[in-house]
Amino acid sequence: MPASARQRCHAVLAGLVTLATAAVVSLAAPTPAGAADTWTETGSDRADPLTESQGLTSVEVPAGSPNHYTGIGTIPLGVSSRGWNHVGDPDASYDGHSIEPYQRDSGNSKMFRVRAPGGTWSEYVHTLGAGEALNNSWVAVSPDGQWMLSGEWGTMTRLLVFPTPGVNPSTSPSENLPQASTVRLDHAVRDVQGCDFSGPTTLLCSSDDPEGSLFGLTKPLLQIDLSAAPNGTSDVSGHVTALRQLPLRSSCSGAFEAEGIDYDRRTGTLRVIVVSPGFCVLTDSKTYRFSRG
């Protein structure tokens, strides 16, 4: 989410908490023909605008852990006071490391905040490469745990690959986290807010695309099939398919915002956060649940 959009979101949360009115609007979610896979909506839960509005990840270690959400209200004061004022969609490795992506309004770096299975936090900073966008909306950890994917805001034809901070032995909080390789996409994507691996070479991604010109629909759920598992030593290609439009339902009319995504391999459940327009961000923003087929 760019700084201007984030400021508008903050203003809505601050100024509209006490408002309540509704104009009923229901927007359909068509599924394009020829989709690579089918994901059927099975339910939803209210997404708290302060603590569950940016992203989520399922945590496998320790057993029985709840889903880990991020939002404006989850940013520690000690982090925001140093300028890291936006947190994106997190992910967790299967051994229990949780990773949150952070950005600030200016500068030449991004930050990844890592919680180890024991509960301790550490920070890994990446200095931007030539032409790299400042935005840091999401991370997706590869199933083997060694590599972490990230994307950039706007219309892009690549994803970035990093060694997974705190998991890959080549990383250290005292050193710059380098980009290791790139995923080259065969179709442009726009405003991707989250991705998660559903298999060794398959990503599911939520796009906040407001235009619809790339795939014929706005706010699409995307599937990206990689030519090989990321290994950090060579680029891989990615085939992009739009699977369906994400649910856009609210008691308010206006612009929705697709946010983070999570695939839980234990249950086969896909979850995607969609933030409602206007003051309804406070009342009926949702984490939607999907199952395959």
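Since the model is a prediction, treat every value here as computed from it, not as a measurement.
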Between Leu246 and Tyr288, does a side chain to side chain contact (heavy atoms under 4.5 Å, CB included) hold up when you go through it step by step? CA-CA 9 Å; Leu246 293 169; Tyr288 290 95; over 6 Å; no

Walk me through it: do Val240 and Ile224 pass the test side chain to side chain contact (heavy atoms under 4.5 Å, CB included)? CA-CA 5 Å; Val240 184; Ile224 301 177; 4.2 Å; yes

Applying side chain to side chain contact (heavy atoms under 4.5 Å, CB included) to Asp186 and His239, what does each step give before you reach the verdict? CA-CA 5 Å; Asp186 67 354; His239 174 62; 2.5 Å; yes

As a quick check of understanding, evaluate salt bridge (Lys or Arg N to Asp or Glu O under 4.0 Å) for Lys286 and Glu41, giving each step before the final call. CA-CA 12 Å; Lys286 294 286 195 299; Glu41 183 184 338; over 6 Å; no

Determine whether Glu152 and Asn135 satisfy the following criterion, side chain to side chain contact (heavy atoms under 4.5 Å, CB included), listing intermediate values before the conclusion. CA-CA 6 Å; Glu152 300 161 281; Asn135 176 264; 5.5 Å; no

Under the criterion salt bridge (Lys or Arg N to Asp or Glu O under 4.0 Å), I'd like the reasoning laid out for Glu52 against Arg46: C-alpha separation, chi angles, the key distance, then a yes or no. CA-CA 9 Å; Glu52 300 176 340; Arg46 178 179 176 269; over 6 Å; no

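Atom CG of Asp196 and atom OG of Ser206 lie 10.0 Å apart (nearest 0.5 Å). Put simply, OG1 on Thr269 and CZ on Arg292 are 10.5 Å apart, with the number rounded to the nearest 0.5 Å. Taking OG1 of Thr57 as the start and CG of Asp262 as the end, the distance is 4.5 Å to the nearest 0.5 Å. Between the OH atom of Tyr69 and the OG atom of Ser53 there is a distance of 11.5 Å, given to the nearest 0.5 Å. Note: Thr42 OG1 to Phe290 CZ = 8.0 Å, rounded to the nearest 0.5 Å. For the atom pair Ser98 OG and Trp121 CH2, the distance stands at 6.5 Å (nearest 0.5 Å).
Here the side chains of Leu160 and Glu132 are in contact, with some heavy-atom distance below 4.5 Å. Proximity of Val141 to Val167: side-chain heavy atoms (C-beta onward) are nowhere separated by under 4.5 Å. Counting heavy atoms from C-beta outward, Arg271 and Asn67 have side chains that approach closer than 4.5 Å. Annotation: side chain of Cys280 is not in contact with side chain of Phe256 (no heavy-atom distance under 4.5 Å). Looking at Thr127 and Asn108, their side chains come closer than 4.5 Å, going by heavy atoms from C-beta outward. The shortest side-chain heavy-atom distance between Thr283 and Ser276 does not fall under the 4.5 Å cut-off. The shortest side-chain heavy-atom distance between Pro220 and Asp209 falls under the 4.5 Å cut-off. Side-chain contact check for Val189 versus Ser207: every heavy-atom pair is 4.5 Å or farther apart.
Considering every non-hydrogen atom in both Tyr102 and Thr74, the closest pair reads OH-O, 4.5 Å. Annotation for His126 and Leu177: closest pair ND1-O, 2.6 Å, computed over non-hydrogen atoms. The shortest non-hydrogen separation linking Pro230 to Trp147 is O-CD1, 3.2 Å. The two atoms that bring Gln193 and Ser137 nearest to each other are OE1-OG, 3.4 Å, heavy atoms only. When every heavy atom of Gly71 is checked against every heavy atom of Val87, the shortest pair comes out as O-CG1, 3.6 Å. In terms of heavy-atom proximity, Tyr124 sits nearest to Ser172 at CE2-C, 3.4 Å.
A donor-acceptor contact shorter than 3.5 Å links the side chain of Asn168 to the backbone of Gln146. Using a distance-only test at 3.5 Å, with no hydrogens or angles considered, no donor-acceptor pair links the side chain of Thr51 to the main chain of Gly73. For Ser181 (side chain) and Thr233 (main-chain N/O), no donor-acceptor pair under 3.5 Å exists by modelled atom type. A donor-acceptor contact shorter than 3.5 Å links the side chain of Asp235 to the backbone of Thr182. At least one donor-acceptor pair under 3.5 Å links the side chain of Gln103 to the backbone N or O of Asn136. Of the possible polar contacts, one joining the Ser227 side chain to the Ser237 backbone as a donor-acceptor pair under 3.5 Å is found. Side chain of Thr120 to backbone of Ala116: no donor-acceptor contact under 3.5 angstrom is found. Looking only at distances, a side-chain donor or acceptor of Lys110 sits under 3.5 Å from a matching main-chain atom of Ala133. Side-chain atoms of Ser150 never come within 3.5 Å of backbone atoms of Val139 as a donor-acceptor pair (strictly under, hydrogens ignored). Under the 3.5 Å distance criterion, the side-chain polar atoms of Thr287 are left unmatched by any main-chain donor or acceptor of Ala47.
The hydrophobic clustering, which links ILVMFWY residues whose side-chain heavy atoms are closer than 4.5 Å, places Phe197 and Leu222 together. Under the 4.5 Å side-chain heavy-atom criterion for grouping Ile, Leu, Val, Met, Phe, Trp and Tyr, Met148 is not connected to Leu226 through any hydrophobic cluster. Each of Ile99 and Met111 belongs to its own hydrophobic cluster when Ile, Leu, Val, Met, Phe, Trp and Tyr are linked at side-chain heavy-atom distances under 4.5 angstrom. The same ILVMFWY cluster, assembled from side-chain heavy atoms under 4.5 Å apart, contains both Ile273 and Leu282. Under a hydrophobic clustering in which Ile, Leu, Val, Met, Phe, Trp and Tyr are joined whenever their side-chain heavy atoms come within less than 4.5 Å, directly or via other members, Val236 and Val192 fall into the same cluster.
Checking each of Leu149, Asp91, Ile261 against Trp138 for a side chain to side chain contact (heavy atoms under 4.5 Å, CB included) leaves exactly one that passes, namely Leu149.
Aromatic ring centroids of Phe162 and Phe112 lie under 6.0 Å apart.
Cation-pi check for Arg244 over Trp39 is not met; the charged atom does not lie both under 6.0 angstrom from the ring centroid and within 45 degrees of its normal.
Ion pairing between Glu100 and Arg115 fails under the 4.0 Å rule for side-chain N and carboxylate O. One finds a salt bridge joining Asp208 and Lys219 here, because a Lys/Arg side-chain nitrogen approaches an Asp/Glu carboxylate oxygen to under 4.0 Å. A salt bridge is absent between Asp284 and Arg249; no separation between the charged side-chain nitrogens and carboxylate oxygens falls under 4.0 Å.
In summary, the side chains of Thr218 and Gln245 do present a donor paired with an acceptor at a separation below 3.5 Å, with no hydrogens or angles considered. Judged purely by distance below 3.5 Å, without hydrogens or angles, the side chains of Arg190 and Thr155 pair a donor atom with an acceptor atom.
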